[in-house]
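Notes to accompany the following structure.
Throughout, numbering of the chain's residues begins at 1 and tracks the sequence.
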Amino acid sequence: MTKEICIIGLGYIGLPTAALLANQGYQVLGIDVSEDVVNTVNNGDIHIVEPELDAYVAKAVKEKNLTAALKPAPADVFVLAVPTPFHDGHVPNIDYVVAATRSIAPVVKAGDMVILESTSPVGTTERVAEVLHEEGVDIDSVHIAHCPERVLPGHIMRELVENDRIVGGITPEATEIVADFYRSFVSGEVLTTDARTAEMAKLTENSFRDVNIAFANELSILCDKFGIDVWELIRLANRHPRVNILQPGTGVGGHCIAVDPWFIVHAGGEDARIIRAAREINDYKTAWVVERILADVKAFESEHGRAPSVACMGLAFKPNIDDLRESPALAVFQSLVLEGIDALAVEPNLKRHQSIVLNDYHDVAQSADIVVYLVAHNEFKHLTVSGQVLDFCGVTRV
């Protein structure tokens, strides 16, 4: 059994994966560029919000199966779990993947596995192999593969084990060897393919979801124009046995659905028409929400002769997490501030923010003139509100 694992990146995927493997009996070294993150993990603590993760990390560190450091060390398995954002113009950015690959090159040896878990544009796993070769690694003796993460924030520790996984290697041998490694701790089925198909599979999954969300978001905009309750409309339409419309929201955020479809659009060009349209609709929904709020602010000013206070309920990109990456709710709040609105930020899953003053949701529910629900956090359900309510996420429909 492979014993030593080195995971590059201790973020929302890397740290849970490291903690899980350490609790499975592997010796795990987690690498991060942040000294604060390294120190936090070595103290048995966590720097992100994820149910059960704190117990996993504390146990793994206490039993000395998990340590963190700033630089990689020799191991049997190297897992790259770093961000893959994009440059301006939605051009894919794999700089972190390349940097992580260069960082492990000096300690990679024959027989090792190098696994890219970061969601990546098609061809990135091949680029990992190229970088290792450029750095002097004999890539014919190393097993290189892509195995994209497929977990839902808030359920990561369970889904890392239970969800099916897709493994695609640079070579058939790499595919089977890496797949066997995942079978050692995954109870779901481990499906095998080639690297490019594995990369495209993850992008396809998130693009499918993006397209379906775009349909719901476009419906919400049309229903507002027609004076129709979109939540009631969707409830009724979904009674059809072959219809399952999703719920609209403030937009689409997070590092996956808001980003991954652009990887396909960038490579596919004019042939990626529906995927591009969905991305544009979901991005526009956030701008539309801002316009809708500003219209109500103007109406309040006309009626009361003063500017209202506006409570922005939720900053995270989805309910019940603390993750602000690509968050449409955060974008709405920031847009209101730029417009000079007295905007009050509320995010119950964060204790503090380095640049935003956070308010208690009970207090602003009573004090704000306009309460705007941007994220359907559990704390907001059945909340008593004194002022006007705008609900863009359906939390008041529970």
Side-chain angles (χ1 to χ4, degrees), residues 49 154 216-217 219-235 247-253 285-324 327-398:
V49 173
N217 278 336
L219 269 184
S220 70
I221 294 171
L222 292 169
C223 284
D224 187 73
K225 177 180 288 188
F226 301 153
I228 295 172
D229 183 335
V230 67
W231 315 104
E232 175 70 0
L233 172 69
I234 291 174
R235 184 184 71 83
Q247 299 299 299
T250 307
V252 174
K285 179 62 186 295
T286 305
W288 180 87
V289 167
V290 173
E291 294 171 0
R292 183 71 173 74
I293 296 170
L294 291 177
D296 276 45
V297 167
K298 185 176 181 180
F300 184 96
E301 290 175 342
S302 297
E303 181 178 351
H304 298 277
R306 64 177 179 85
S309 57
V310 179
C312 294
M313 308 294 278
L315 299 179
F317 81 81
K318 61 171 291 183
N320 308 318
I321 63 172
D322 70 335
D323 195 343
L324 306 189
S327 171
L330 178 61
V332 168
F333 169 75
Q334 293 171 332
S335 296
L336 294 179
V337 171
L338 289 175
E339 291 286 341
I341 304 299
D342 179 17
L344 307 172
V346 178
E347 181 44 71
N349 293 290
L350 286 177
K351 294 181 179 179
R352 65 187 65 84
H353 190 278
Q354 60 182 4
S355 62
I356 298 174
V357 175
L358 299 177
N359 297 270
D360 180 83
Y361 65 94
H362 289 107
D363 293 341
V364 298
Q366 297 301 311
S367 64
D369 297 306
I370 302 176
V371 172
V372 181
Y373 288 109
L374 300 173
V375 188
H377 290 315
N378 286 340
E379 290 87 349
F380 302 158
K381 296 176 182 178
H382 311 297
L383 186 64
T384 301
V385 175
S386 296
Q388 176 185 340
V389 173
L390 289 175
D391 183 2
F392 295 106
C393 58
V395 69
T396 60
R397 305 294 301 218
V398 177

**OP:** Indicate yes or no for a side-chain donor-acceptor contact from Ser327 to the backbone of Asp323 under 3.5 Å, with no hydrogens or angles considered.
**Re:** no
Subject >> Test log, rule side-chain contact (heavy atoms from CB on, under 4.5 Å), inputs Ile293 and Leu390 >> reply: CA-CA 8 Å; Ile293 296 170; Leu390 289 175; 4.1 Å; yes
Subject >> Evaluation steps, side-chain hydrogen bond (donor to acceptor under 3.5 Å, both in side chains), between Glu379 and His362 >> reply: CA-CA 9 Å; Glu379 290 87 349; His362 289 107; over 6 Å; no
**OP:** Go through Gln388 and Asp369 one step at a time and tell me if the side-chain hydrogen bond (donor to acceptor under 3.5 Å, both in side chains) criterion holds.
**Re:** CA-CA 6 Å; Gln388 176 185 340; Asp369 297 306; over 6 Å; no
Original post:
Can you tell if the side chain of Leu222 reaches within under 4.5 Å of the side chain of Phe226, non-hydrogen atoms only?
Top reply: yes
**OP:** Check whether any side-chain heavy atom of Phe317 lies under 4.5 Å from a side-chain heavy atom of Leu330, and answer yes or no.
**Re:** no
**OP:** Test side-chain contact (heavy atoms from CB on, under 4.5 Å) on Val375 and Met313 and set out the steps.
**Re:** CA-CA 7 Å; Val375 188; Met313 308 294 278; over 6 Å; no
Original post:
Hey, does Val346 have a side-chain heavy atom less than 4.5 Å from the side chain of Leu358?
Top reply: no
Original post:
So how far is it from Cys223 SG to Asp229 CG, rounded to the nearest 0.5 Å?
Top reply: 8.0 Å
Subject >> Closest contact, heavy atoms only, Thr250 versus Thr286 >> reply: O-OG1, 3.0 Å
Subject >> Salt-bridge present (Glu301, Lys298; N to O < 4.0 Å) >> reply: no
Subject >> Nearest heavy atoms of Asp322 and Ala316, plus distance in Å >> reply: C-CB, 4.5 Å
Original post:
Roughly how far apart are Ile228 CD1 and Ser220 OG, rounded to 0.5 Å?
Top reply: 12.0 Å
Original post:
Of the non-hydrogen atoms in Ser309 and Ser367, which two are nearest, and what is the gap between them?
Top reply: OG-O, 3.9 Å
**OP:** Classify the ring geometry between Tyr361 and Phe380 as parallel (under 30°), tilted (30 to 60°) or perpendicular (over 60°).
**Re:** perpendicular
Original post:
Should Asp391 and Arg397 count as an ion pair when the cut-off is N to O under 4.0 Å?
Top reply: no
**OP:** Take Ile341 and Val297 through the test side-chain contact (heavy atoms from CB on, under 4.5 Å) and record every step on the way to the result.
**Re:** CA-CA 8 Å; Ile341 304 299; Val297 167; 3.8 Å; yes
Original post:
Under 4.5 Å between any side-chain heavy atoms of Val357 and Leu344, yes or no?
Top reply: no
Original post:
From Leu383 CG over to Asn378 CG, what is the distance, rounded to the nearest 0.5 angstrom?
Top reply: 12.5 Å
